[in-house]
**Q** 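Before anything else, here's the structure in question.
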Amino acid sequence: MHELIRLSFAPSFGLHGLGDAAVLAEEDGGRLALTTDSYVVSPLFFPGGDIGELAVNGTVNDLAMAGARPLYLTAGFIIEEGFPLEDLARVVDSMARAAEAAGVRVVAGDTKVVERGKGDGLYVNTAGVGRVPPGVRLSPARIRAGDGILVSGPLGRHGVAVMAERTGLAFEPAVLSDTAPLAGLADALLSAGGEGVRIMRDPTRGGLATTLKEFALESALAMRVEEALLPVPPGVRGACELLGLDPFYVANEGILVAVVAPDVSEYVLEAVRGHPLGAEAVLAGRVLEEPGEMVLLATRAGGSRLMDMLEGEQLPRIC
């Protein structure tokens, strides 16, 4: 997907600096953030969430990662002929509750019905608009050697929860999706770190490893994280060991990764841990000058291995 975007969409549309949202300047000097996303998760209902809640939270989070305070959403529904109306009502109600919890309004939408067998039940498309406060400047170009890498919470819960529901597997302890709106957490992080916050991303498809690789490529620097510091819940670790998956590539929907200047890293960590969604946050590593564009995982065994971008789909239809 990254290669498709780089070779086809980006040059055709003249896109540069592809992040979670576009930041657009207004005539009065203010800035808006704009994002869009489509949700094709299967199954539609999974432990800890559903496609409706996921669509709202995912869009809110993309705005928040640009430093914006989310304001408005649109929602488009591609509905397969014969899709149960009670399931549609359940999804819409879930979206409404998620929007209220995130402090945003759904202000426009669209519906289309496709022939039976052509739509896999339900797809949801969203767009979101938010306002970027003055002084917030997030960019991979601001990353510097010596910066800290913060991970706000446990890894892999969303991907494992969806996979377990899809395949009928049960893990002990049970794993729930971490889908949640991150705007409040992002605001706490920015308030504590100010100009020292270089960039934020939510590690969704491709997980932590892919997000760190994006940082490395966009900054031409190296990211080094400690395996022993990265929070992987026992249920996620057990599921990944059973199925031969790497938890660092599994999708998340309720955590963020931030690169922060060394002089504010401890203040930022304290602020994030003070938020309900960041209680298990860690400073998991540092940015290095060399080897440029690489991600290094310092293993528990005392060695080091490279983490590259996810090739293909480890867990299809995850978000």
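Nothing fancy with the numbering, it's 1 onward along the sequence.
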**Q** Hey, is the main chain of Pro262 close enough, under 3.5 Å, to the side chain of Arg286 for a donor-acceptor pair?
**A**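 Checked: no pair found.
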**Q** Is there a path of hydrophobic side-chain contacts, each under 4.5 Å between heavy atoms, that joins Leu190 and Leu283?
**A**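 Result: yes, single cluster for both.
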**Q** Looking at Val250, is its backbone amide N or carbonyl O close enough to the side chain of Asn252 to form a donor-acceptor pair, meaning the two atoms are under 3.5 Å apart?
**A**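 Checking the backbone N and O of Val250 against the side chain of Asn252, a donor-acceptor pair under 3.5 Å is found.
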**Q** Filter on ring-ring contact (aromatic ring centres under 6.0 Å, His included), then keep only pairs touching residues 41-62, sequence neighbours left out; what's left?
**A**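 Applying ring-ring contact (aromatic ring centres under 6.0 Å, His included) to every pair that reaches into residues 41-62, excluding sequence neighbours, yields Phe46-His158.
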**Q** Just wondering, do Glu80 and Arg116 contact through their side chains at under 4.5 Å, heavy atoms?
**A**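 Yes. Closest side-chain heavy atoms under 4.5 Å.
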**Q** May I ask you to test the Phe248-Val232 pair for a side-chain heavy-atom distance under 4.5 Å?
**A**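 The answer is yes, as the side chains (C-beta and beyond) meet within the 4.5 Å cut-off.
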**Q** Are Leu212 and Val225 packed together at the side-chain level, in the sense that at least one heavy-atom pair is separated by less than 4.5 angstrom?
**A**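 With C-beta onward as the side chain, the pair touches.
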**Q** Does the side chain of Thr59 reach to within under 4.5 Å of the side chain of Thr35, using non-hydrogen atoms?
**A**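 Result yes, sub-4.5 Å side-chain heavy-atom pair found.
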**Q** Locate the shortest heavy-atom distance separating Val268 from Ala192; write the atom from each residue and the value.
**A**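 Heavy atoms only, the tightest pair is CA-CB, 4.1 Å.
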**Q** Does Glu81 have more than 12 heavy atoms from other residues, nucleotides or ligands lying within 6.0 Å of its CD?
**A**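 More than 12 heavy atoms, drawn from other residues, nucleotides or ligands, come within 6.0 Å of this atom.
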**Q** Provide the full list of ring-ring contact (aromatic ring centres under 6.0 Å, His included) pairs with a residue in residues 69-116, sequence neighbours left out, each pair given once.
**A**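 Listed by first then second residue: nothing to list.
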**Q** If a pair satisfies salt bridge (charged side-chain N to carboxylate O under 4.0 Å, His left out) and one of its residues is in residues 96-114, list it, with sequence neighbours excluded.
**A**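 For residues 96-114: Asp110-Lys112.
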**Q** Could you check whether any side-chain heavy atom of Thr126 comes within less than 4.5 Å of a side-chain heavy atom of Leu73, counting everything from C-beta outward?
**A**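 Thr126 does not reach Leu73 side chain to side chain.
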**Q** Tell me the ring-ring contact (aromatic ring centres under 6.0 Å, His included) pairs involving residues 216-239, sequence neighbours left out?
**A**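 Qualifying pairs, neighbours excluded: none.
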**Q** Determine whether Met223 and Lys213 make a side-chain contact, defined as any pair of heavy atoms from C-beta on separated by less than 4.5 Å.
**A**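 When only atoms from C-beta onward are counted, Lys213 and Met223 do not touch, as no gap falls below 4.5 Å.
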**Q** According to salt bridge (charged side-chain N to carboxylate O under 4.0 Å, His left out), does anything in residues 85-95 pair up with another residue at least two apart or in another chain? List the pairs.
**A**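 Found none.
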**Q** Considering non-hydrogen atoms only, spot the tightest contact between Val106 and Ala99 and give its length.
**A**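 Reported closest heavy-atom pair: CG2-CB, 4.2 Å.
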**Q** Output yes when a side-chain donor or acceptor of Asp202 lies under 3.5 Å from a complementary backbone atom of Thr204, and no otherwise.
**A**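 Not at all, since once roles are kept as given, no pair shorter than 3.5 Å links the two residues.
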**Q** According to the side chain to side chain donor-acceptor pair (under 3.5 Å) rule, which pairs have a member within residues 293-305, sequence neighbours left out?
**A**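 Counting only pairs at least two positions apart or across chains, the side chain to side chain donor-acceptor pair (under 3.5 Å) contacts touching residues 293-305 are Asp246-Arg305.
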**Q** Taking the basic N atoms (NZ, or NE/NH1/NH2) and the acidic carboxylate oxygens, is any pair closer than 4.0 Å for Arg201 and Glu218?
**A**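 Looking at Arg201 and Glu218, the cut-off is met.
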**Q** By side-chain hydrogen bond (donor to acceptor under 3.5 Å, both in side chains), which residues pair with Ser38, not counting sequence neighbours?
**A**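 side-chain hydrogen bond (donor to acceptor under 3.5 Å, both in side chains) check on Ser38 returns Asn125.
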**Q** Flag the pair Val114 / Ile78 as yes when at least one side-chain heavy-atom distance between them is below 4.5 Å, and no otherwise.
**A**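 They are in contact (side-chain heavy atoms under 4.5 Å apart), so the answer is yes.
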**Q** So Ile255 and Asp178, do their side chains get closer than 4.5 Å, heavy atoms only?
**A**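 Asp178 reaches Ile255 side chain to side chain.
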**Q** Go through the steps for Val160 and Arg157 under the test side-chain contact (heavy atoms from CB on, under 4.5 Å), then give the verdict.
**A** CA-CA 5 Å; Val160 168; Arg157 292 187 295 178; over 6 Å; no
**Q** For Asp308, is there any backbone N or O sitting under 3.5 Å from a side-chain donor or acceptor partner on Tyr249?
**A**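 Side chain of Tyr249 to backbone of Asp308, a donor-acceptor pair under 3.5 Å: yes, one is there.
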**Q** I need the minimum non-hydrogen distance between Val136 and Ala66, along with the two atoms involved.
**A**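 What the structure gives for the nearest pair is CG1-O, 4.5 Å.
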**Q** Not counting sequence neighbours, list each pair that qualifies as a side chain to side chain donor-acceptor pair (under 3.5 Å) and has a residue in residues 253-268.
**A**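 Every pair satisfying side chain to side chain donor-acceptor pair (under 3.5 Å) with a residue in residues 253-268: there are none.
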**Q** Hey, could you give me each pair passing salt bridge (charged side-chain N to carboxylate O under 4.0 Å, His left out) that has a residue in residues 63-73? Not counting sequence neighbours.
**A**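 Listed once each, the pairs are Arg69-Asp187.
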**Q** With sequence neighbours left out, write down each residue that passes side-chain hydrogen bond (donor to acceptor under 3.5 Å, both in side chains) with Arg131, or none if nothing qualifies.
**A**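 With sequence neighbours excluded, Arg131 shows a side-chain hydrogen bond (donor to acceptor under 3.5 Å, both in side chains) to Glu26, given in chain and number order.
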**Q** Return the minimal non-hydrogen interatomic distance between Pro43 and Arg166, and the atom names on each side.
**A**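 Distance-wise, the nearest heavy atoms are CD-CB, 3.9 Å.
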**Q** Not counting sequence neighbours, which residues clear side-chain hydrogen bond (donor to acceptor under 3.5 Å, both in side chains) with Arg224? List them please.
**A**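 Only Glu226 meet the side-chain hydrogen bond (donor to acceptor under 3.5 Å, both in side chains) criterion with Arg224.
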**Q** Show every side chain to side chain donor-acceptor pair (under 3.5 Å) that has at least one partner inside residues 145-155, sequence neighbours left out.
**A**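 Listed once each, the pairs are Asp147-Arg198.
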**Q** Can you name the closest pair of heavy atoms from Met95 and Ala75 and give their distance?
**A**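 Scanning both residues completely, I find the closest heavy atoms to be CE-CB, 3.9 Å.
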**Q** Look up atom CD1 in Ile149 and atom CZ in Phe215, then write down how far apart they are to the nearest 0.5 Å.
**A**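 Answer for the CD1-CZ pair, Ile149 versus Phe215, is 8.5 Å.
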**Q** Leu150 vs Val282, test: side-chain contact (heavy atoms from CB on, under 4.5 Å). Steps then yes/no.
**A** CA-CA 6 Å; Leu150 182 144; Val282 295; over 6 Å; no
**Q** Looking at Ala284 and Leu230, what are the two nearest heavy atoms and their distance?
**A**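 In terms of heavy atoms, the two residues are closest at CB-CD2, 3.4 Å.
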**Q** Should Val151 and Val264 be counted in the same cluster of Ile, Leu, Val, Met, Phe, Trp and Tyr side chains packed under 4.5 Å apart?
**A**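 No, it is not one cluster - the side chains of Val151 and Val264 are not joined through contacts under 4.5 Å.
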